[in-house]
Number of protein chains: 2
Amino acid sequence: MELNERKMTILKAIVRNYLETGEPVGSRTISKFTDLNLSSATIRNEMADLEELGYIIQPHTSAGRIPSDLGYRIYVDAMMVEKTKEVEELKVSLLEKEERLDHLLKQTAKLLATNTNYASMVSAPSLHRNKLKLIQLSRVNDTQLLVVIVVEGNVIKNRLLDITEDINEETVLKLNILLNTHLNGLSIEEINLGMITNLKKQAGIHSDIVAEIIDEVAKAIHEEEDLEIYTSGANNIFKYPELADNKNASEIISNLEEKKALNELVVKTLSGDSDTGIQVYIGNESPVDTMKDCSIVTATYDLGDGMKGTIGIIGPKRMDYEKVVDNLKGVMKELDSIYKK
Amino acid sequence: MELNERKMTILKAIVRNYLETGEPVGSRTISKFTDLNLSSATIRNEMADLEELGYIIQPHTSAGRIPSDLGYRIYVDAMMVEKTKEVEELKVSLLEKEERLDHLLKQTAKLLATNTNYASMVSAPSLHRNKLKLIQLSRVNDTQLLVVIVVEGNVIKNRLLDITEDINEETVLKLNILLNTHLNGLSIEEINLGMITNLKKQAGIHSDIVAEIIDEVAKAIHEEEDLEIYTSGANNIFKYPELADNKNASEIISNLEEKKALNELVVKTLSGDSDTGIQVYIGNESPVDTMKDCSIVTATYDLGDGMKGTIGIIGPKRMDYEKVVDNLKGVMKELDSIYKK
DNA sequence: GTTAGCACTCATATTAATCGAGTGCTAACC
DNA sequence: GGTTAGCACTCGATTAATATGAGTGCTAAC
């Protein structure tokens, strides 16, 4: 037995219907819903086949059918038609130019949540392959030295170093020039041990401080490895009864708050690649154990210079995949264009 | 009829019991629970009085009594005994030294939530009265100028300015000196229009940029007015059935996520003053409309230099007020000592 | 292959019956 | 006077019994 065209049509109708209503769908409904002109009895036969093939499930004997994870998968992979019309307009108005990346990303998360009515997450771009743009040292007072590190993409990091040895303004200036001459334009990988030794040598009696500064540069860039993640719309999950029970809701909220699990998701999304950049995890496919009742759709955005991040939507398995995908695509595009401005 | 000592004892016993069990408490329970050696019938008479006085409520005819908001209030104001012993030890181990304030505050929120089993919030300190410690200008490239602003308390702000006129390194250095000589050590209020005019004059052809920089200084400090607020333990509310229903939970989660309402709470807490620094809002007393079923306990921490912030706990009305107050006090103390290190 | 028809299933809703914790009140007691 | 034993009463919660109806699977006929 194979999934012929008629079965496909029926499966598609079942999924569509279930996405809308959230109720198990029966044979009579499909009989009317499709233009196949088949009686409910015939549909019933086909549905029995579809169940045997594993695409749909009967919650209990006298109920209609709901899609299985596999059913959703087929739908998403082969039957879904993207809309790509109205969505685009929606966002443009909302994502304002915002010089601070973190504000922009928070806004993005909020926008996604509002537009889709699901929970959303946005990860700050990983700086992994980023180049150092500028190091700036300033003497704050006798005991503190401020190190400002700017990396490509205008991400700025600050470190306040406690200093023991006395360093005057001129020395700070010298060190500043030394470091910038040698390090600017280099990626973290390019700053190797040989270079560090060389720098330390040139710094003479201040080699300790230089070492400390380089350490801070590495830390500042590396620290982003435990990614900043912004979430929004957590309360949206209460709109979907299948997720709103205490156990589920508590776990999802906890995940959104803790962000540990989301981190995994980001890593997985960034490492995996699909041609469209969109990845869909349905139910058990989820990399996050406590979200087996959810579907997660993620996308990778790319601001150039290796600044990649993840945006994602978390909702019930019966989410409006078309809408979600469209929204994610739209936001990706939007982020792109804002950055290029 | 007045609230004599015996009535107080009974009321206290009712509140205590209800805090523990979450169930309406009956006369027989109190008869056994207290050392008054009174029969349940007598207790019943007293309870009828307490109800008439408005301190307790009968959910329905054949149920025991639960404290009213007023009952809780009396309890908190007059009957509560603080423990102050075991709690202190709990925290000390957990709040590690952390050079980044935001990390420390996030950690604090988490700690409070874990210790109390309620939701928690921690606001970043308001910088309102803070003094400028350092301005640092750096030329990033031909079109961008980096402005780093350090304020007392080592809070660091960055701004990236787009520049149109060409500015060389020497000019940047000069402006740097100019600004720092005049502005360092001043609070935002002390930087008045006369001074700004003077600075602009001295900057000559670069007065536009100076104006822009001062603008950024003001903005950087002011922006903190819409406070950064960290929350934790949102999922704890699911532990309390009276808050775990969809409507309540959704609203509370939404509040914790949006943070708008919490902001009000912070403002109110910072403006109000009590001798202990602790403020308790019970049910309807809450400044946040959507949290009428909760109690909120807040405290103000003070890192010196006018850096004040708010920490708070949000939980059911039948929260363990002693424990919460102790925890808040402990954390206040802890923040204090960490900062002084 | 398709369909009408019908017996069957089972979650959900409705109603009724029972239980029991806790009350209020009365009358007796100290 | 305050205190208490005793008892009828209330009412939410639990359980059981009963209906409802959406939807199925199967059979037999078209």
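Throughout, a chain's letter reflects where its sequence line sits, starting with A, and its residues are numbered from 1. These numbers come from a predicted model, not from an experiment.
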Assign each of N37(B) and T61(B) to its nearest nucleotide of DNA chain D by heavy atoms, then name whichever residue's nucleotide is nearer the 5' end.
->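 Nearer the 5' end of the strand: N37(B).
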
Give a yes/no answer on whether the side chain of [X] brings an N or O atom under 4.0 Å of OP1 or OP2 in [N].
X	N	result
R28(A)	dT3(C)	no
R65(A)	dG25(D)	yes
R6(A)	dG1(C)	no

Between [options], spot the one nearest the side chain of [X], thanks.
X	options	answer
H60(A)	dA11(C), dA4(C), dT4(D)	dA11(C)
N45(B)	dT4(D), dT24(D), dT3(C)	dT4(D)
L38(A)	dT4(D), dT2(C), dT23(C)	dT2(C)

Salt bridge or not for [X] and [Y], using N-O below 4.0 Å?
X	Y	answer
E23(A)	R318(A)	no
R16(B)	E322(B)	yes
E264(A)	K260(A)	no
R44(B)	E51(B)	no

Could you tell me the separation between the CG atom of L36(A) and the C1' atom of dT3(C), rounded to a whole number of Å?
->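 In whole Å, dT3(C) C1' and L36(A) CG are 15 Å from each other.
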
Tell me what T42(B) touches on the nucleic acid: a base, only sugar-phosphate, or nothing, going by heavy atoms under 4.0 Å.
->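 If one applies the 4.0 Å heavy-atom cut-off, T42(B) turns out to touch a base.
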
Which part of the nucleic acid, if any, lies within reach of S27(B) when heavy atoms closer than 4.0 Å are counted: base, sugar-phosphate only, or nothing?
->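 Result for S27(B) = sugar-phosphate.
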
Does R44(A) get its side chain close enough to the base of dG5(C), under 3.5 Å, for a donor-acceptor pair?
->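 When only heavy-atom distances are counted, R44(A) does reach the base of dG5(C) through a donor-acceptor pair under 3.5 Å.
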
Less than 3.5 Å between a donor and an acceptor, one on the side chain of S62(A) and one on the base of dC10(C), is that the case here?
->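 Indeed there is one.
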
In Watson-Crick or G-U wobble terms, both distances under 3.5 Å, what is the partner of dA19(D)?
->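 Result: dT12(C).
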
